[in-house]
Protein chains: 2
Amino acid sequence: MSTKKREKKEEISCPVEYAVTLLSGKWKLRILHALIKESPKRFKVLEREITGITPTMLTSQLRELEEDGLVSREIFPTVPPTVEYSLTEFGQTTIPMMQEIKVWGLRHKERNQVSENT
Amino acid sequence: MSTKKREKKEEISCPVEYAVTLLSGKWKLRILHALIKESPKRFKVLEREITGITPTMLTSQLRELEEDGLVSREIFPTVPPTVEYSLTEFGQTTIPMMQEIKVWGLRHKERNQVSENT
DNA sequence: CGGAATCCCTGAAGATACTG
DNA sequence: CAGTATCTTCAGGGATTCCG
């Protein structure tokens with residue numbers, strides 16, 4: 001059953017809380033990032049790219065991103081099954097946000113390293 | 001003990017993963033958001049503003065934000081103890097990112113509501 | 001007021017096995 | 001290949017209590 005605690009999205013007022021609700025977790029942003037870099041991508045490609053994720057988690061996170069309209073899923077009835085994931089048009093609206101997150105991540109990383117190395 | 005799983009930050013290469021590691025969780029972004037809106041703020045003020053958070057969580061999240069250099073803590077030895085939290089200079093580098101997150105949250109919220117309410 | 005410490009429970013997520 | 005289903009574990013986080 002995919003009935004989780006995600007159905008009370010309507011009651012949220014704060015936009016930040018809203019975004020957090022949709023994007024929190026270790027993997028959502030990583031998946032979006034991978035799809036922003038290149039899309040569509042196959043399941044296995046995502047799995048290899050997102051280091052540390054398990055297939056189970058990848059599936060569940062992709063499903064949630066799909067539910068939220070950020071990612072679309074296309075199945076090709078080939079003999080070895082092929083499934084491709086793409087950013088939807090709405091998913092692409094996350095690009096500026098993801099860009100800022102990436103920039104900030106870089107900054108913090110550098111900051112951390114100068115204070116820890118040498 | 002504050003020994004959590006957060007000490008392997010140095011091994012992370014992906015900037016997005018980096019940011020996620022530092023900001024994941026329901027509360028970090030909410031706290032930053034609250035402090036961006038106004039800073040410094042007292043513990044109780046934060047607790048009231050961030051609906052749903054428990055004092056325990058607020059404390060622990062503030063400690064982690066402090067460790068990561070995003071937030072600073074100042075104690076005033078008044079009779080009823082006063083503790084104020086502020087964004088550090090580095091914490092203020094999150095402002096553009098937070099702004100994008102907020103903007104995106106607003107977008108998604110509106111999008112959701114038109115498809116759910118008449 | 002602003003915490004720290006403790007107890008406890010739930011649910012997130014890993015491992016494994018099986019299917020189309 | 002791309003999943004689904006099940007079982008189990010473990011730690012995040014709530015409630016409560018106590019302290020400076």
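What you are looking at is a predicted structure, and each value in this text was computed from that prediction instead of being measured. In the text below, chain A, chain B and the rest are named by the order of the sequence lines, each starting its count at 1.
- Looking at residues 31-48 of chain A, you'll see that no heavy atom sits under 4.0 Å from any atom of DNA chain C.
- Distance, Ile50(B) CD1 to dG13(D) P: 14 Å, rounded to whole Å.
- The distance from atom CD1 of Ile75(B) to atom P of dG2(C) is 11 Å, rounded to the nearest whole Å.
- Rounded to whole Å, atom P of dA2(D) lies 18 Å from atom CD of Gln61(A).
- Looking at Ser39(A), its side chain does come within 3.5 Å of a backbone N or O of Leu87(A) through a donor-acceptor pair.
- For Thr59(A), whose side chain is taken as the heavy atoms from C-beta onward, the closest listed nucleotide among dA13(C), dT4(D), dG14(D) is dT4(D).
- With Lys28(A) contributing its side chain and Leu22(A) its backbone, the two residues share a donor-acceptor pair below 3.5 Å.
- When each of Leu58(A), Leu46(A), Ile50(A) is paired with Arg30(A), the side chain to side chain contact (heavy atoms under 4.5 Å, CB included) condition holds for Ile50(A) and for no other.
- The NZ atom of Lys26(A) sits 11 Å away from the C1' atom of dA11(D) (whole-angstrom rounding).
- The pair Lys41(B)-Glu84(B) does not meet the salt-bridge criterion, since no charged nitrogen lies less than 4.0 angstrom from a carboxylate oxygen.
- When every heavy atom of Thr88(B) is checked against every heavy atom of Gly69(B), the shortest pair comes out as OG1-O, 2.6 Å.
- Across its full length, the helix from dC1(C)-dG20(D) to dG20(C)-dC1(D) shows an angle of 50° between the axes of its 5 terminal pairs at either end, rounded to 10 degrees.
- Set against dA2(D), dG14(D), dG3(C), the side chain of Met57(B) has dG14(D) as its closest nucleotide.
- Residue order along DNA chain C, read from the 5' end via each residue's closest nucleotide, puts Arg73(B) first among Gly52(A) and Arg73(B).
- Side-chain atoms of Thr82(A) never come within 3.5 Å of backbone atoms of Thr78(A) as a donor-acceptor pair (strictly under, hydrogens ignored).
- Under a hydrophobic-cluster definition in which Ile, Leu, Val, Met, Phe, Trp and Tyr are linked whenever side-chain heavy atoms come within less than 4.5 Å, directly or via other members, Phe76(A) and Leu35(A) are assigned to different clusters.
- To the nearest angstrom, P of dG14(D) lies 11 Å from CG of Leu58(B).
- Leu62(B) places its CG atom 11 Å from the C1' atom of dG3(C), with the value rounded to the nearest Å.
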**OP:** Heavy atoms under 4.0 Å is the rule here; annotate nucleotides 15-20 of chain C 5' to 3' with B where the base is hit, S where only the sugar-phosphate is, and - elsewhere.
**Re:** -----B

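- In this structure, a donor-acceptor pair under 3.5 Å is absent between the side chains of Thr94(A) and Trp104(B).
- Atom CD in Glu66(B) sits roughly 13 Å away from atom C1' in dG3(C) (whole-Å rounding).
- Residue contacts for Tyr85(A): at a heavy-atom cut-off of 4.0 Å it reaches the sugar-phosphate backbone alone, with no base atom in range.
- The separation between Glu64(A) atom CD and dG3(D) atom P is 15 Å, rounded to whole Å.
- For the pair Lys37(B) and Glu49(B), the salt-bridge criterion is met [side-chain N within less than 4.0 Å of a carboxylate O].
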